[in-house]
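Before any comments, here is the structure.
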Amino acid sequence: MCSLQESMDYQFNHIEAKWRQIWQERQTYKITEDGSKPKYYVLDMFPYPSGAGLHVGHPLGYIASDIYSRYKRLQGFNVLHPMGYDSFGLPAEQYAIQTGQHPAITTKENIARYRQQLDLMGFSYDWSREVRTSEPSYYKWTQWIFKQLFDAYYDLKSNKAERISQLVAAFEQAGNQHIEAVTDCTEQFDAATWNSKDAQAKEEILQQYRLAYLAESWVNWCPALGTVLANDEIVNGVSERGGHPVEQKRMMQWSMRIKAYADRLLEGLDRIDWTDALKEQQRNWIGKSKGASVRFQVKDHDAEIEVFTTRPDTIFGVSFMVLAPEHPLVPQITAEGHAEAVKQYQQEAALKTERDRQADVKNISGQFTGAYAVHPFTGAAIPIWIGDYVLASYGTGAVMAVPCGDQRDYDFAKHFDLAIPNIFKDQDISEAAYAEKDALIANSDFLNGLPAKKAMETAIAEIEKRGLGFGKTNFRLRDAVFSRQRYWGEPFPVYYQDGLPHLVPDEQLPVTLPEVDKYLPTEDGEPPLARAAKEAWSCQLGERMEFNTMPGWAGSSWYFLRYMDPQNDDFFVSPEKVAYWQNVDLYIGGSEHATGHLLYARFWTKFLHDLGYLPFDEPFAKLINQGMILGKSAIAYIGPDQKMYSFDCLPKDQNGFREVRILIDLINDDESIQLEALQQWQPQYENLEFVKNDAGKIIVKREVDKMSKRWYNVVTPDDLCERYGADTLRMYEMFLGPLEQSKPWDTKGITGVHGFLKKYWRLFHQNGTFEVSEGEASPAALKTLHKTIKKLRDDLERFSFNTGVSSFMICVNELTDQKCNNRHILEQLTILMAPYAPHICEEIWSQLQPQSPTIFNESYPELNEAYLTESSFSYPVSFNGKMRMKVELPLNLSPAEIEAAVMALPDAQKWLEGKTPKKVIIVPGKIVNIVL
RNA sequence: GCGGAUGUGGUGAAAUUGGUAGACACGCCAGACUUAGGAUCUGGUGCCGAGAGGUGUGCGGGUUCGAGUCCCUCCAUCCGCACCA
């Protein structure tokens, strides 16, 4: 039996468990296509289920999207709000390498834990639509899409992807002379030549057109580990695991011809509602630049160096050339006497990552090859250098150096004492290069006296006229490498016959991941799948199967489509379902995906649209990036005497002190350490001595870090749900600050939100029972309610969830002050709040309307402005812009009347100090400013 | 290095269009109530000052009757940079 007191309390644990069960039983969140309602698609970036489980930062975006989903549902939309798992990836594989546990088992366990944690939060996901990228029923279609990409090329006439069979037919008819396509192929051939080629030669040509193709790419190769590494796995030039040297190496890899879509990926940004910051990041990533491709003859060699330049107007300023150390011409042109030094430099450069090479501008390095190029206009001999600031993967891997106009070239020239001819009229280049484009060109023959823009046009025209090159648009965007030498990823639907890649037929999809004895590369450096016995493969065709697997972004590039039709075994998504749901209306996730997932998903969507499978070509109409929730690490200090010092007792000289991070669960509210718990926590603290402060405590310093197990600063949602309830946690996470902003987590503030929910609960529980009054609501209560309706509508419209929560607080505070207990007011408030705090509102609703199965079938309250009209306004009166006093005046006064009323005030005379105002600014309904 | 973002009380923040800076909370101070609670309620709280008042949105400058908001310079911090997801 509950006592009167207990039944009146807000028993969140009981309420939340009860409603989670009822929602599940009643399938409250299961939705089906319903043509009678408008659709709305709200999507979260699905998580990679890591072993660490969820911390409080993960649900932030999910809470926001859940609130919005429920809001749209209350507004009458049929809302698709699904969740799934990006379940292929490196961590599970690395765990497998360490423990031998199959990544599928690890993944399954992690997903179970994620699900448990997600369920605690009361999200309205339709779990019947869950997808997992590592399930064969899912990756069957990832493989199928790969097949489509392999079987397609990009036609520049239709400006879309077309079937490769169409291209082959054209080749057979007329060769490639009249084909306009995105290709790496420079060879021109006619029909006869094409038809006379053997299968291998034909395929080599076709690989240069396919959207998924095999080509050599640069990779980070670690010989000791026998594997390719991500930049992430390389620290200071050596492998993170084991500290082995890493080198740059060319390897045959699958690639995606995303460059074909560069222009459309740019153009599409203008049609979608993303933040300017994110669009700008994608624009910069794609990096469209206009300029010219120019060929320089190498002196005394039968060779040409092709460069791309954005500044053809500065061509007369070229005083040397720099090739990437890996440039294929280097061995050919290097002069005797320089070969040794060049070779050594190449080896050094191979040990640096691209990023290190770009970031390191202080250490200028390079080698002279001993070769010279011929300036195409002046005929001057210009020295050819190699330097690691030139990247092999960008442009042509070579630059024409214009030291007077580019700072890196300038620094290089200064360092190696190369000529710096000045081609800018009246510009001083004695200290630095002049990189602006607003000087007139000088010392440049036919370009003399021209402004930059005109000079560029003229230079390009002349370059083209003399057959030295052509005007060209270049992209920074590179084709995406699509092979991974890993185990835990999608196998390719590819086998090899006579050395040529062939596609596995549709009826044999999926090619399931074969079992292997170890999750490591083979001894001769083949990927892990090469370890699989022939019979371990679900199909075995040709001489061998493809041993690479696909990258993490393969599965995540189309998952949002699969939610529409997750069980379909005949197609990746049925045309009817995709026609109903269309693209994602609201997508919420982290900005770290700006140039990865978000670009690839747009690429695949455009591709599938080109083939006629999708009615839209932009996947995510609106996108919001939630900020990261950071952890507050607890830092303690251990002195050279091996004692732990309280932070407020540190000596001035901290030489020999080291910082250690302490598990934040062991820290009290006053920032002191629970010393007994500390000594039990880790053996290293067992017999530690302390230098305590006057209060006998060891105080820690707090520092903001990424929330991570590694820093012992993780706060999990589970514990907070247990102590305060999911509704409190949901509202508190929203209350923390703007969704997009990064912010440190501090559990302390949660009591404020918890107290608010209790106060809301008390509105209904006055005398030990649930009770609301019937009848008319007071004007004050109606005003409070409609003010809240208006504020919430505006806040949701601009996704300002934090101010939404504070509006509820203000509303409940006011209703409490008014002693409002009116059914109409409280019902409306409960519906308003239900998206934020679904459990408590559902519970209250079941008391208010016992026959209603769920509050989420109600309709959202409508605003009636009539309750908000004001007749007067409290004008702030400023003198010289400083607010001095306030005066309550009717709103219907004219400016002149306002001025008269203000001047008549005794306080006004005081501030006027006997002066006559120079000017009086009156903004009706806003402010009065008197200028003295 | 390149690209993107952010700087407001002791803390998280608000100020949506150039118009009362600090809403709403946390914390803190004072008080009430109590069979002492992780309970509830009341008042106060940017800083300096006894007060009048002064001052205040990272620094410095500018535009304006009026700037957290617009412009310029600088500083600091965070995120991304192509095989982490």
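Every value quoted in this text rests on a predicted model; they were computed, and no experiment measured them. We use all heavy atoms of the structure for the numbers below, so side chains are in, but hydrogens, waters and symmetry mates are not. In what follows, chains carry the letters A, B, and so on, assigned in the order in which the sequence lines appear, proteins first and then strands, with residues in each chain numbered from 1.
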Span that lies between the [atom1] atom of [M] and that of [N], in whole angstrom:
N: B/A67; M: B/C81; atom1: C1'; answer: 36 Å
N: B/G54; M: B/A5; atom1: C1'; answer: 36 Å
N: B/U57; M: B/U42; atom1: C1'; answer: 32 Å
N: B/C26; M: B/G44; atom1: C1'; answer: 16 Å
N: B/A15; M: B/A32; atom1: C1'; answer: 35 Å
N: B/A76; M: B/C71; atom1: P; answer: 22 Å
N: B/C75; M: B/C59; atom1: P; answer: 15 Å
N: B/C29; M: B/U77; atom1: C1'; answer: 33 Å

Nucleotide nearest [X] when distance is taken to its side chain, options [options]:
X: A/L736; options: B/G12, B/G80, B/A13; answer: B/G12
X: A/W911; options: B/G38, B/G53, B/A82; answer: B/G53
X: A/L90; options: B/A82, B/C84, B/U20; answer: B/C84
X: A/P738; options: B/A13, B/A82, B/G3; answer: B/A13
X: A/Q741; options: B/A13, B/G80, B/C26; answer: B/A13
X: A/N802; options: B/A13, B/G54, B/G4; answer: B/A13
X: A/E592; options: B/A15, B/A85, B/C65; answer: B/A85
X: A/I810; options: B/G4, B/C81, B/C24; answer: B/C24
X: A/K791; options: B/G19, B/U16, B/G4; answer: B/U16
X: A/N813; options: B/G4, B/C24, B/A13; answer: B/C24

Aromatic rings [X] and [Y]: how do their planes relate, parallel, tilted or perpendicular, breaks at 30° and 60°?
X: A/W604; Y: A/W553; result: perpendicular
X: A/Y10; Y: A/W761; result: tilted
X: A/F482; Y: A/F492; result: perpendicular
X: A/H597; Y: A/Y587; result: perpendicular

Could you tell me whether A/R602 sits above the aromatic face of A/W274, with NZ or CZ closer than 6.0 angstrom to the six-membered ring centre and within 45 degrees of the axis?
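Geometry flag: set, cation within 6.0 Å and 45°.
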What's A/M809 touching, base or sugar-phosphate or nothing? Going by heavy atoms closer than 4.0 Å.
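Sugar-phosphate contact only.
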Tell me what A/H597 touches on the nucleic acid: a base, only sugar-phosphate, or nothing, going by heavy atoms under 4.0 Å.
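Touches nothing.
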Watson-Crick or G-U counterpart of [N], or none if no pair lies under 3.5 Å:
N: B/C84; result: none
N: B/A5; result: B/U77
N: B/C41; result: B/G31
N: B/A21; result: none
N: B/U16; result: none

Spacing of [X] atom [atom1] relative to [N] atom [atom2], expressed in whole Å:
X: A/E280; N: B/G3; atom1: CD; atom2: C1'; result: 9 Å
X: A/D705; N: B/C78; atom1: CG; atom2: C1'; result: 12 Å
X: A/M883; N: B/G22; atom1: CE; atom2: P; result: 8 Å

Has A/K919 got a side-chain N or O lying under 4.0 Å from the OP1 or OP2 atom of B/C65?
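For A/K919, the contact criterion (side-chain N or O under 4.0 Å from OP1 or OP2 of B/C65) is met.
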Under 4.0 Å between a side-chain N/O of A/R884 and OP1 or OP2 of B/G54, yes or no?
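Result: yes.
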Any salt bridge between A/E233 and A/R486, counting N to O under 4.0 Å?
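Salt bridge present between A/E233 and A/R486.
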